[in-house]
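Step one of this worksheet: look at the structure below.
These numbers were taken from a predicted model, which means no experiment stands behind them. Just so it is clear: chains get the letters A, B, ... in the order the sequence lines come, proteins before strands, and each one is counted from 1.
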Amino acid sequence: MRRIRGIGAVAFAGVAAIALAGCQQGSANSDGGGDGDAVTLQFQSLSDQPTTQAAIEEIVDAWNAENDDVQVKIVQAGWDGTYDKLITQFTGGTAPDIIHFEASSIVSFAADGYLADLTDLIDPELKSDISEGIWESVTHDDQIVAYPSTLQSYMAFANADLLDAAGVEIPTGETMTWEELQEIAKATTTGDQFGLGWGLGSPTATMMSLSLGNDGGFFEGEGEDVTIEVGDDELAAAERIHEMAYTDKSIEPTSLTQSGSDVLPSFYGGKVAMTVQGSFQATNIANDAPEGFNWVALPPLEGTAGAFQAANPQTYSVNVDSEYVEESAEFLNFFMGGENLAKIAYADALIPSSEAARAEVEELAGDDAAWQQVLASGEGLVGPPFLKVSKYTEWKDTIATPAFQQYLANQIDRDQLATQLTDGWADVAG
Amino acid sequence: MTTKRPLHATILMYLALAGYLIFLGFPLLWLLSASFKSTQELNSLAVNLIPQQWDFSNYASALERQNLLTAAGNSIFVAVVTMIISVVLSMPMAYALARLKGKLRAAGTVWILVSQVFPTILIIIPLFLVLRSLQLNDTLFGLILVYVTFTLPFTLWMLQGYVAAIPPELEEAAEMDGAGRFTILRTVVLPLLAPGLVATAMFTFVSAWNEFFLALVLIQSPELYTLPIALRSFLGAEGQTQLGPLAAGAILATIPSLIIFGILQKKLTGGMLAGAVKG
């Protein structure tokens, strides 16, 4: 009987919890709306760095203080699973008013008509301050469906002491060729040390971006009407990495299966002399590297066509079902102002989309050499063809990623990779 | 008649047990160690179980930044209520499933099995729409309703096995002694079913406590986030992980479930012993 009383006690505790949580839920929901005629906009932010979150909060607080009638409420979310969550919310009609996501991931939302047309709502000054190429990355069916905010590039970071010890001169030019990268990697590879650690566990985004430097666009067309070409230009970057890993043996092989962040301990520990990372890692390296760690950011990588990479900006869109599309756009015009955008970009070590913000970041960065390279790498960012392809995300996840992974693991050769990418697209595109 | 176990067998047994405990406990120890390491140490290649310098800031960061206490409260609430409702509902149903004969029972059994086949992703949108029409999306009650729906088939299946293991003769004997159906259930079946109820309760608690995807999709207000949703905020884009705060958050998240397990585990052992000496 004591056992039953014990279970009964747990049951009672549960019922009490229900009553308490009932009260709690009431209060949680009650602050969702505004007072009187005030409008409350739900702003789903995915920023994950504490400094960036603080910057966004500061900007939103400034807006709220000046706009009693339009209040913005931040809904802090994370990247993991957000696509599925948004799809469900869009279908169910409960998506937030303002949505933060990356450009390549909003293509299918735009194709399904979930995002509002912002073309005529964007502040003309802001519009002219961002390059056409970047606007192009958020244009769908001639409608601008998002504000492009910050961009990342892929950059090589080097342990200056290891380069020095290997007798390698640190490149200082405006750009650095792949050949130079390969030579430095070979020169700095010794018995227990590799020249390069490159986190390519999820390789597609990197491959698609860097192939642009060799004129490798992969896709031609827009929406559903798209063809794919996987030739020498498209595969040049992948082939070079493969060669460095299996012929030169200058790339740390484990790193090819890891995320970028996973490689950083090897970089800090002197096991790899260089690492290619998203530009945002400049902040993390500056904060987390051991004391006295002598590192430099190398010039942007240049292929046969130039130092081009894909502009796949972070974006802010407005839910087409929002009752307050205009108010949301007004807020975003404020949010994207030069000073505000610069705060966010600087906190995240990303490249701001607008010239005004870039000038602000230059000022904030002062003479920081790493920041000079981050900003320089932004010069070569161009709108990639894959941003216009409706089924890109599906192809990327189901075909391209496993195919590139197999190639980088030396399980398939270059021709098999090309076949898998091409035939896989035919399957996905139907 | 019993024979004394040889000394070497006892030593081997304890060694095996110690090895098993280390195997199970090491990840938890490593997590605990990571929660006290500085970012620099976590980013170094050195492998130390004992942190070189004890850093408590990860706990402060975890508690301040992600509102973990609120999330823990939400998780406890959701898990406990799901556990209670699932156990209370599945108890009579499991009894009926185990004891009754006929086509309805067979159909019920098949339906339980079929209900386990559907992947969550397949039904998430209809589920979301139903909850929305009931005005239960973005509420903890909606989440509990969904969790009960998802766990009930399995708990029912699990519990009916325990009921089936109770000899019907015991009930028949009580009936011959003049006990009514309700008295038989209360005084004969329920005490013998206690270990099964506790095991089922543990299963439902763990299922609801760990669940991520449904909570992610159905809960929108940060005030209502459950622990798995709050903890994933330490994982950023491009594989970035804030290891220290994540480890600290994970340790904090483990404590309530350890307490609940501590309480329930005693009941489970007690119930098993009671069953062992019965009859």
Side-chain angles (χ1 to χ4, degrees), chain A residues 1-4 6-7 10-11 13-15 17-18 20-22 24-25 27-29 32 42 46 48-50 53 75-81 84-85 87-89 91-94 96 102 152 199 201-202 258-262 264-266 268-269 271 278 280-281 284 287-291, chain B residues 39-40 42-46 61 65-66 73-74 76-78 80-81 83-85 87-88 121 124-125 128-129 131-132 137-141 186 190-191 194 197-198 201 212-213 216-218 220-224 229 232-242 263-264 266-267 270-271 274:
Chain A
M1 280 309 281
R2 284 175 60 194
R3 282 194 309 274
I4 296 170
I7 292 169
V10 174
V15 173
I18 292 177
L20 284 172
Q24 178 204 355
Q25 272 193 295
S27 62
N29 293 335
Q42 300 276 334
L46 301 181
D48 43 41
Q49 296 296 315
Q53 287 174 357
V75 179
Q76 184 61 49
W79 286 92
D80 203 13
D84 292 328
K85 179 170 184 162
I87 277 284
T88 313
Q89 288 179 331
T91 312
T94 61
E102 62 180 8
Q152 77 142 12
S202 304
Q258 295 178 314
S259 73
S261 300
D262 292 339
L264 288 176
S266 303
Y268 298 148
K271 293 286 173 193
F280 63 88
Q281 295 284 21
N284 292 336
N287 292 335
D288 301 340
E291 219 168 292
Chain B
T39 313
Q40 276 77 8
L42 285 166
N43 278 323
S44 77
L45 291 171
S61 166
R65 280 192 37 222
Q66 305 302 341
N74 292 335
I76 290 174
F77 169 66
V78 168
V80 168
V81 177
M83 177 180 82
I84 293 167
I85 297 175
V87 170
V88 169
I121 194 80
I124 189 69
I125 290 177
F128 188 83
L129 295 175
L131 283 178
R132 191 192 161 205
N137 64 321
D138 199 24
T139 67
L140 294 181
F141 288 109
R186 195 169 56 83
L190 201 55
L197 289 174
V198 173
F212 172 75
F213 183 66
L216 171 75
V217 174
L218 299 175
Q220 193 166 355
S221 306
E223 303 88 350
L224 299 179
I229 307 302
R232 72 87 202 238
S233 337
F234 294 111
L235 307 174
E238 304 267 341
Q240 288 186 91
T241 309
Q242 296 159 56
I263 296 168
L264 289 181
K266 277 185 188 166
K267 303 285 173 200

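With a 4.5 angstrom heavy-atom cutoff, A:T88 touches chain B via backbone and side-chain atoms both. With a threshold of 4.5 angstrom between heavy atoms, A:N284 approaches chain B through side-chain atoms but not through N, CA, C or O. Only the side chain of B:L129 comes within contact range of chain A, with heavy atoms under 4.5 Å apart. Contacts between A:A77 and chain B at a heavy-atom distance below 4.5 Å involve backbone atoms as well as side-chain atoms. Of the atoms belonging to A:Q89, heavy atoms from both backbone and side chain fall under 4.5 Å from chain B.
The greatest number of non-hydrogen atom pairs below 4.5 Å with chain B, out of A:V75, A:N287, A:T94, is found for A:T94. Contact count against chain B (heavy-atom pairs under 4.5 Å) is highest for A:D288 among A:D288, A:D84, A:L46.
Of all heavy-atom pairs spanning B:I229 and B:R232, the tightest one is O-CG, 3.2 Å. Residues B:E223 and B:N74 share a closest heavy-atom pair of O-ND2, 2.9 Å. Summarising the geometry of A:S261 relative to A:Q281, their closest heavy-atom pair is OG-NE2, 3.3 Å, with the distance given to 0.1 Å.
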- Message: Could you go through B:F128 and A:T91, starting from their C-alpha distance and side-chain angles, then the distance that decides it, and tell me whether this counts as side-chain contact (heavy atoms from CB on, under 4.5 Å)?
- Response: CA-CA 9 Å; B:F128 188 83; A:T91 312; over 6 Å; no
- Message: Quick one, B:Q242 with B:S61, criterion side-chain hydrogen bond (donor to acceptor under 3.5 Å, both in side chains). Give me CA distance, side-chain angles, the key distance, then yes/no.
- Response: CA-CA 10 Å; B:Q242 296 159 56; B:S61 166; 5.7 Å; no
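Between the side chains of B:D138 and B:S221, at least one donor N or O sits under 3.5 Å from an acceptor N or O.
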